[in-house]
Engineer: 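Starting off with a structure, shown below.
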Amino acid sequence: MEAKQQKTTGRRALLLNCIVLSIGHCAGPLVARLYFLHGGNRVWLSSWLQTGGWPIILLPLTIAFLQRRKIDPTSKFFLMKLRLFIASAVIGVITGCDDYLYAYGVARLPVSTYSLIIASQLAFTAGFSFLLVKQKFTSYSINAVFLLTIGTGVLALHTSGDRPKGESTKEYVIGFLMMLGAAMLYGFILPLVELMFKKAKQEISYNLVLEIQMVMSIFATAFCTIGMIINNDFKVIGREAREFGLGEAKYYTLVIITAMIWQCFFVGAIGVIFCGSSLLSGIIIAVLIPVIQILAVIFYGESFKAEKGISLALSLWGFVSYFYGQIKQNKKRKKQTPKTEMPSPPNP
């Protein structure tokens, strides 16, 4: 009975993290693009906002701490040990590099091209998952990776006509390469986080997962802060806000909302790794790419061509394929697991 309750709780936690990841992944690129569309041009600031919302994590950590104190008055606020802190800090710096590459690509590329390149992230995640955490692949998971990669790759069709006006070929190519680097690097980060969980040498709870994400975000933000200082971004934020196309008040509102939304993405991604795997996190990110395309059509008036519809269908097919395989695996495990006999009552 207890095992069944734990399984149900695990599924609910996975579903919740999938929802949080979906919100962050679908809304993040749209608000990031909104910043650049209306006169924003600070790439380091855009990268800083991807992890700058880390203080939000203090709220659930404080609530969890107060609950622990009721049971154990000697309980500490932070559960993380030094080994895990160092690993989280290193991954945080890598994440900061990835933030900059991603922000540079968003500043130079339209959503269609960006989505195409991010499609390659799933292939990188699958490859690094196999190398780092010995991820086992079934025919269904391989089929899912293939369909999701092809589905998002279909978006490459007609992207030449989506190049922003007034942008040179050199800027476009650099943006393309930067986004490809971001896809490869984040495809490495996801399995690296899973490997950290396995090598932690302490029990990993969801509370500890939030601590890990906060430390990663702090170091990623620190990395981007150094970039902003070198680039003199802090000196021009006020002027940029006054000249922003939507107005100064909406500029600062957009900055705050962007930081909160991106934190949803990162918390959801690491939560899915904790409840599932890095491969599952990569699959959810990939399956949402066509959804971002549809949202871009709705909010920014981008054209919805036939290839985007095909991409959406293939991505949904791959998503269903993955979970169908998981269901079959679970049923197979249940059949293989021997039922434990109830102990017979003692003779009177």
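Here the structure is a predicted model, which means the values were calculated and not measured. As a basis for the values below, the full set of heavy atoms in this structure was taken, side chains included, without hydrogen atoms, waters or symmetry mates.
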Engineer: What I want to check is whether the side chains of Ser217 and Gln213 have a donor and an acceptor closer together than 3.5 Å.
Structural biologist: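 Judged by distance alone, the side chains do pair up.
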
Engineer: Look up atom CG in Asn231 and atom CD1 in Ile226, then write down how far apart they are to the nearest 0.5 Å.
Structural biologist: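 Going from the CG atom of Asn231 to the CD1 atom of Ile226 covers 13.5 Å.
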
Engineer: Quick one: CG on Leu185 to CG on Leu180, what's the gap to the nearest 0.5 Å?
Structural biologist: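 One gets 11.0 Å once the value is rounded to the nearest 0.5 Å.
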
Engineer: How far apart are the closest heavy atoms of Val133 and Lys198, and which atoms are they?
Structural biologist: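 In terms of heavy atoms, the two residues are closest at O-NZ, 3.4 Å.
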
Engineer: Show the numbers, then the answer: is there a side-chain contact (heavy atoms from CB on, under 4.5 Å) between Lys70 and Leu66?
Structural biologist: CA-CA 7 Å; Lys70 292 178 181 178; Leu66 293 175; 5.7 Å; no

Engineer: Return each pair, listed once, that meets ring pair (Phe, Tyr, Trp, His ring centres under 6.0 Å) where at least one residue sits in residues 11-38; pairs must be two or more places apart or across chains.
Structural biologist: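 Sorted pair list: His25-Phe265.
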
Engineer: Please say yes or no: joined through hydrophobic side-chain contacts below 4.5 Å, possibly via intermediate residues, are Met214 and Val93 part of one cluster?
Structural biologist: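 The answer is yes; both residues are in one hydrophobic cluster.
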
Engineer: Could you see if Leu254 belongs to whatever hydrophobic cluster contains Phe299? Use Ile, Leu, Val, Met, Phe, Trp, Tyr and a side-chain cutoff under 4.5 Å.
Structural biologist: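 Yes, one cluster joins them.
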
Engineer: Is there a side-chain contact between Phe197 and Ile270 (heavy atoms, below 4.5 Å)?
Structural biologist: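 Yes; the side chains approach each other to less than 4.5 Å.
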
Engineer: Between atom CG of Asp99 and atom CG of Leu49, what is the distance when rounded to the nearest 0.5 Å?
Structural biologist: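 Here the rounded value is 10.0 Å.
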
Engineer: Find out whether Met196 and Val193 are in side-chain contact, i.e. whether some heavy atom of one side chain is under 4.5 Å from a heavy atom of the other.
Structural biologist: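 In short, these two side chains touch, coming nearer than 4.5 Å.
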
Engineer: If hydrophobic clusters are built from ILVMFWY residues whose side chains come within less than 4.5 Å, do Val209 and Phe78 share one?
Structural biologist: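 Hydrophobic grouping puts Val209 with Phe78.
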
Engineer: If we count only N and O atoms by modelled type, under 3.5 Å, do the side chains of Trp48 and Thr225 hold a donor and an acceptor together?
Structural biologist: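 Yes, Thr225 and Trp48 have a side-chain donor paired with an acceptor closer than 3.5 Å.
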
Engineer: When you compare the side chains of Gln50 and Tyr102, does any donor N or O come within less than 3.5 Å of an acceptor on the partner?
Structural biologist: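 Judged by distance alone, the side chains do not pair up.
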
Engineer: Is there a donor-acceptor pair under 3.5 Å between the side chain of Glu240 and the backbone N or O of Asn41?
Structural biologist: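 Yes, the answer is positive, given that a donor and an acceptor are paired below the 3.5 Å cut-off.
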
Engineer: For the CD1 atom of Ile23 and the SG atom of Cys264, what is their distance to the nearest 0.5 Å?
Structural biologist: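 That separation rounds to 6.0 Å.
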
Engineer: Are the side chains of Phe65 and Pro60 in contact, using a 4.5 Å heavy-atom criterion?
Structural biologist: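 Pro60 vs Phe65: side chains apart.
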
Engineer: To check you understand the geometry: which heavy-atom pair defines the closest contact between Cys97 and Phe223, and what is its length?
Structural biologist: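 The pair with the smallest heavy-atom distance is SG-CZ, 3.6 Å.
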
Engineer: Side chains of Arg108 and Ile174, heavy atoms from C-beta outward: is any pair under 4.5 Å?
Structural biologist: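 A side-chain contact under 4.5 Å is absent here.
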
Engineer: For Arg83, give me all partners under side-chain hydrogen bond (donor to acceptor under 3.5 Å, both in side chains), at least two apart in sequence or on another chain.
Structural biologist: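 None.
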
Engineer: Using 0.5 Å steps for rounding, measure from the CE atom of Met80 to the CD1 atom of Ile204.
Structural biologist: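 It comes to 8.5 Å.
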
Engineer: Under 4.5 Å between side-chain heavy atoms, counting indirect links through other Ile/Leu/Val/Met/Phe/Trp/Tyr residues: same cluster for Leu195 and Val215 or not?
Structural biologist: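 Result: yes, single cluster for both.
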
Engineer: For Tyr186 and Ala269, which heavy atoms make the closest approach, and how far apart are they?
Structural biologist: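 Closest approach of Tyr186 to Ala269: OH-CB, 3.6 Å.
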
Engineer: Between Leu246 and Tyr251, does a side-chain contact (heavy atoms from CB on, under 4.5 Å) hold up when you go through it step by step?
Structural biologist: CA-CA 7 Å; Leu246 298 177; Tyr251 175 89; over 6 Å; no

Engineer: Do the ring planes of Phe137 and Phe130 sit parallel (below 30°), tilted (30 to 60°) or perpendicular (above 60°)?
Structural biologist: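 The rings of Phe137 and Phe130 sit tilted, inter-plane angle from 30° to 60°.
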
Engineer: Looking only at heavy atoms, which two atoms of Ser278 and Glu194 are closest? And how far apart?
Structural biologist: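 Closest approach of Ser278 to Glu194, heavy atoms only: OG-OE1, 2.6 Å.
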
Engineer: Keeping the roles fixed (side chain from Asn17, backbone from Ala13), state whether a donor-acceptor pair exists under 3.5 Å.
Structural biologist: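 Checking the backbone N and O of Ala13 against the side chain of Asn17, a donor-acceptor pair under 3.5 Å is found.
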
Engineer: Is it the case that Gln135 and Ser129 place a side-chain donor and acceptor less than 3.5 Å from each other?
Structural biologist: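 Their side chains do not contain a donor-acceptor pair, so the 3.5 Å distance test is not met.
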
Engineer: Please tell me if the side chains of Ser281 and Leu21 come closer than 4.5 Å, counting only heavy atoms from C-beta onward.
Structural biologist: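 The answer is yes, as the side chains (C-beta and beyond) meet within the 4.5 Å cut-off.
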
Engineer: Search all heavy atoms of Gly276 against all heavy atoms of Leu14 and return the closest pair with its distance.
Structural biologist: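 Where Gly276 meets Leu14 most closely, the heavy atoms are N-CD1, 4.4 Å.
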
Engineer: When you compare the side chain of Leu279 with that of Leu190, does any pair of heavy atoms fall below 4.5 Å?
Structural biologist: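 No - every pair of side-chain heavy atoms lies 4.5 Å or more apart.
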
Engineer: Atom CE of Met216 and atom CD1 of Ile91: how far apart are they, to the nearest 0.5 Å?
Structural biologist: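 Atom-to-atom, Met216:CE and Ile91:CD1 are 5.5 Å apart.
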
Engineer: Would you say Arg68's side chain and Phe77's backbone share a donor-acceptor pair under 3.5 angstrom?
Structural biologist: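 Answer holds: yes.
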
Engineer: Run the side-chain contact (heavy atoms from CB on, under 4.5 Å) check on Val43 and Tyr100 step by step: do they pass?
Structural biologist: CA-CA 7 Å; Val43 175; Tyr100 178 76; 3.6 Å; yes

Engineer: Please tell me if the side chains of Pro29 and Val106 come closer than 4.5 Å, counting only heavy atoms from C-beta onward.
Structural biologist: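 Side chain of Pro29 against side chain of Val106, heavy atoms only: no contact under 4.5 Å found.
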
Engineer: Please name the residue in the list Ile57, Leu61, Ile63 that meets the side-chain contact (heavy atoms from CB on, under 4.5 Å) test with Leu59.
Structural biologist: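 Of the listed options, the one satisfying the test is Ile63.
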
Engineer: Starting from Leu58, can I reach Phe85 by hopping between I/L/V/M/F/W/Y residues whose side chains sit under 4.5 Å apart?
Structural biologist: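 Linked, Phe85 and Leu58 end up in one cluster.
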
Engineer: Which atom names give the shortest non-hydrogen contact between Met260 and Ile56, and what distance separates them?
Structural biologist: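 Taking Met260 first and Ile56 second, the nearest heavy atoms are CG-CD1, 3.5 Å.
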
Engineer: Run the side-chain contact (heavy atoms from CB on, under 4.5 Å) test on Lys235 and Asn232 for me, step by step, so that the C-alpha distance in whole Å, both residues' side-chain angles and the decisive distance to 0.1 Å come before the verdict.
Structural biologist: CA-CA 6 Å; Lys235 295 180 180 179; Asn232 293 320; 3.9 Å; yes

Engineer: Can the ring centroids of Trp317 and Tyr324 be said to lie less than 6.0 angstrom from one another?
Structural biologist: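 Ring centres of Tyr324 and Trp317 not closer than 6.0 Å.
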
Engineer: Determine whether a donor-acceptor pair (N or O, by modelled atom type, separation under 3.5 Å) exists between the side chain of Glu243 and the backbone of Glu248.
Structural biologist: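 Such a contact is absent between Glu243 side chain and Glu248 backbone.
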
Engineer: Do Thr258 and Val255 come close enough that some side-chain heavy atom pair is under 4.5 Å?
Structural biologist: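 Thr258 vs Val255: side chains apart.
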
Engineer: Under 30°, 30 to 60°, or over 60°: which ring-plane class applies to Phe274 and Tyr206, parallel, tilted or perpendicular?
Structural biologist: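 The arrangement is tilted - the two ring planes meet at 30° to 60°.
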
Engineer: Do Thr221 side-chain atoms and Thr51 backbone N/O form a donor-acceptor pair below 3.5 Å?
Structural biologist: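 Pair found, side chain donor or acceptor close to backbone of Thr51.
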
Engineer: Residues two or more places apart in sequence or in another chain: which of them pass side-chain hydrogen bond (donor to acceptor under 3.5 Å, both in side chains) with Glu211?
Structural biologist: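 Counting only residues at least two positions away or on another chain, Glu211 forms a side-chain hydrogen bond (donor to acceptor under 3.5 Å, both in side chains) with Asn207.
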
